[in-house]
Protein chains: 2
Amino acid sequence: MGKYDSLKLENQVCFPLYALSREVIKLYKPLLEPFDLTYTQYITMMVIWEEKKILFKDLGSRLFLDSGTLTPVLKKLEAKGLVTKYRNKDDDRVVTVEITQKGMELKEKIAKVPEDMYKSFKGDREKLMELKKLLDDLLQEDSK
Amino acid sequence: MGKYDSLKLENQVCFPLYALSREVIKLYKPLLEPFDLTYTQYITMMVIWEEKKILFKDLGSRLFLDSGTLTPVLKKLEAKGLVTKYRNKDDDRVVTVEITQKGMELKEKIAKVPEDMYKSFKGDREKLMELKKLLDDLLQEDSK
DNA sequence: CACCTTTTGATTGTGCACAATTTAATTTTC
DNA sequence: GAAAATTAAATTGTGCACAATCAAAAGGTG
């Protein structure tokens with residue numbers, strides 16, 4: 001191995017991670033466009049659909065996103081009428097995010113997106129599950 | 001499996017891909033800061049270090065980045081004196097990007113970054129190679 | 001050769017992503 | 001219980017990332 005081989009793009013692990021991530025998000029785009037959601041808005045809604053009501057702080061740690069990213073995303077989701085936000089009565093610093101009726105209705109309509117995404121995948125499904133396991137492991141390792 | 005389980009964040013493959021990608025880029029930050037490079041600038045330099053001279057178009061396809069991203073990145077690298085750009089004499093549309101002396105010198109100095117990154121990784125190295133293989137496969141599949 | 005299509009890179013506008021700072025409120029400490 | 005430390009979210013500024021558009025140039029077609 002040459003002196004600078006470790007500086008070659010093809011020898012990086014992070015690069016295909018980064019590139020594939022962006023490529024997959026591009027695949028989501030046409031599926032989410034009919035629902036007027038970006039990918040970040042979509043994964044944010046996923047957590048809110050599951051929890052119905054969640055603290056801003058917890059939402060951030062679930063998504064690995066900080067307030068600088070999440071604040072404007074939630075403002076847009078609120079403007080679309082999908083969620084509401086309010087400050088805690090006991091502790092004014094704490095913000096709770098809650099699903100609205102309209103937000104729940106979107107969940108019904110959008111339920112086919114993961115299915116469509118999965119169907120469009122032509123490769124080996126075993127490998128995909130293997131990949132997910134490796135990623136989840138590393139992500140957990142990192143967040144410790 | 002419940003009706004909406006496929007809409008749960010934990011069941012997505014793309015999410016850990018996206019989240020881990022960002023986490024790893026964050027790990028690069030303190031390593032690249034002494035060299036005044038962002039992660040995107042770093043991987044761009046990687047290709048230019050390897051090729052010495054490369055067409056703008058080819059650089060974009062290597063990095064999976066379009067001109068809207070790459071143009072300003074290269075402007076910054078040029079402003080730092082690491083690369084030069086010039087238009088082809090025969091075809092004025094075509095831009096060539098070339099490494100400078102200062103750019104080559106940076107390669108020497110930065111050579112320890114991949115090593116440091118690898119050393120800082122505490123997990124299973126076998127798994128990391130397995131991950132890279134899966135990612136490279138899927139990325140190649142996608143770009144076909 | 002004039003017209004049409006394609007190619008190439010730059011520009012514009014929107015939406016993250018995150019570090020750093022700020023503001024406000026709460027908790028801890030002495 | 002006032003000062004100090006901590007916490008939570010918002011704000012600010014920088015840097016991508018990409019779709020859409022544009023402008024210029026090259027190449028193909030009749």
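Keep in mind that what you see is a predicted model, and the values were worked out from it rather than measured. So that the names make sense, note that chain A is the first sequence line, chain B the second, and so on, each numbered from 1.
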Sort and list the pairs that fulfil salt bridge (Lys or Arg N to Asp or Glu O under 4.0 Å) and have at least one residue in [range], not counting sequence neighbours.
range	value
residues 71-81 of chain B	B:D36-B:K80
residues 48-57 of chain A	A:E50-A:R62, A:E51-A:R62
residues 91-102 of chain B	B:D91-B:R93

Rounded distance (Å) that lies between atom [atom2] of [N] and atom [atom1] of [X]:
X	N	atom1	atom2	result
B:L55	C:dA10	CG	P	13 Å
A:L65	C:dA19	CG	P	12 Å
B:Y28	C:dA19	OH	P	17 Å

>> Using C1' atoms of five pairs at each end, report the bend of the helix from C:dC1-D:dG30 to C:dC30-D:dG1 rounded to 10 degrees.
In response: 10°
> If you group Ile, Leu, Val, Met, Phe, Trp and Tyr by side-chain heavy-atom gaps below 4.5 Å, do B:Y118 and B:L135 land in one group?
Replying inline: yes
Pairing residues for [X] by the salt bridge (Lys or Arg N to Asp or Glu O under 4.0 Å) criterion, not counting sequence neighbours:
X	value
B:K119	B:E115
B:K132	B:D136
B:R22	none

> What parts of residues 73-80 of chain B reach DNA chain D, counting only heavy atoms under 4.0 Å away?
Replying inline: B:V73, B:K76
> Hey, can you pull the residues of residues 37-52 of chain A with a non-hydrogen atom under 4.0 angstrom from DNA chain D?
Replying inline: none
>> On the six-membered ring of A:Y4, is B:K107 placed so that its NZ or CZ lies under 6.0 angstrom from the centre and within 45° of the ring axis?
In response: yes
>> Whether B:K85 engages the ring of B:F56 as a cation-pi pair (distance to the six-membered ring centre under 6.0 angstrom, angle to the ring normal within 45°) should be assessed.
In response: no
> Hydrophobic clusters join Ile, Leu, Val, Met, Phe, Trp and Tyr when side-chain heavy atoms are under 4.5 Å apart, directly or via other members; which others share one with B:Y86?
Replying inline: none
> Is any NZ, NE, NH1 or NH2 atom of the basic residue among A:E23 and A:K26 found under 4.0 Å from an Asp or Glu carboxylate oxygen of the other?
Replying inline: yes
> Which residue, A:E33 or A:V95, contacts DNA chain D at a nucleotide closer to its 5' end, judged by nearest heavy atom?
Replying inline: A:V95
> Do A:V95 and A:N88 touch side chain to side chain, with heavy atoms closer than 4.5 Å?
Replying inline: no
>> What range of DNA chain D does chain A touch, first nucleotide to last, counting atoms under 4.0 Å from its heavy atoms?
In response: D:dT7 to D:dA19
> For the residue pair B:Y28 and B:Y42, does the interplanar ring angle fall in the parallel (under 30°), tilted (30 to 60°) or perpendicular (over 60°) class?
Replying inline: tilted
> Do the side chain of B:W49 and the main chain of B:G103 share a donor and acceptor less than 3.5 angstrom apart?
Replying inline: yes
> Going by atom types only, do B:Q12 and B:Y18 share a side-chain donor-acceptor pair under 3.5 Å?
Replying inline: no
> Does any residue of residues 84-93 of chain A have a heavy atom under 4.0 Å from DNA chain C, and if so, which ones, in number order?
Replying inline: A:D90, A:D91, A:D92, A:R93
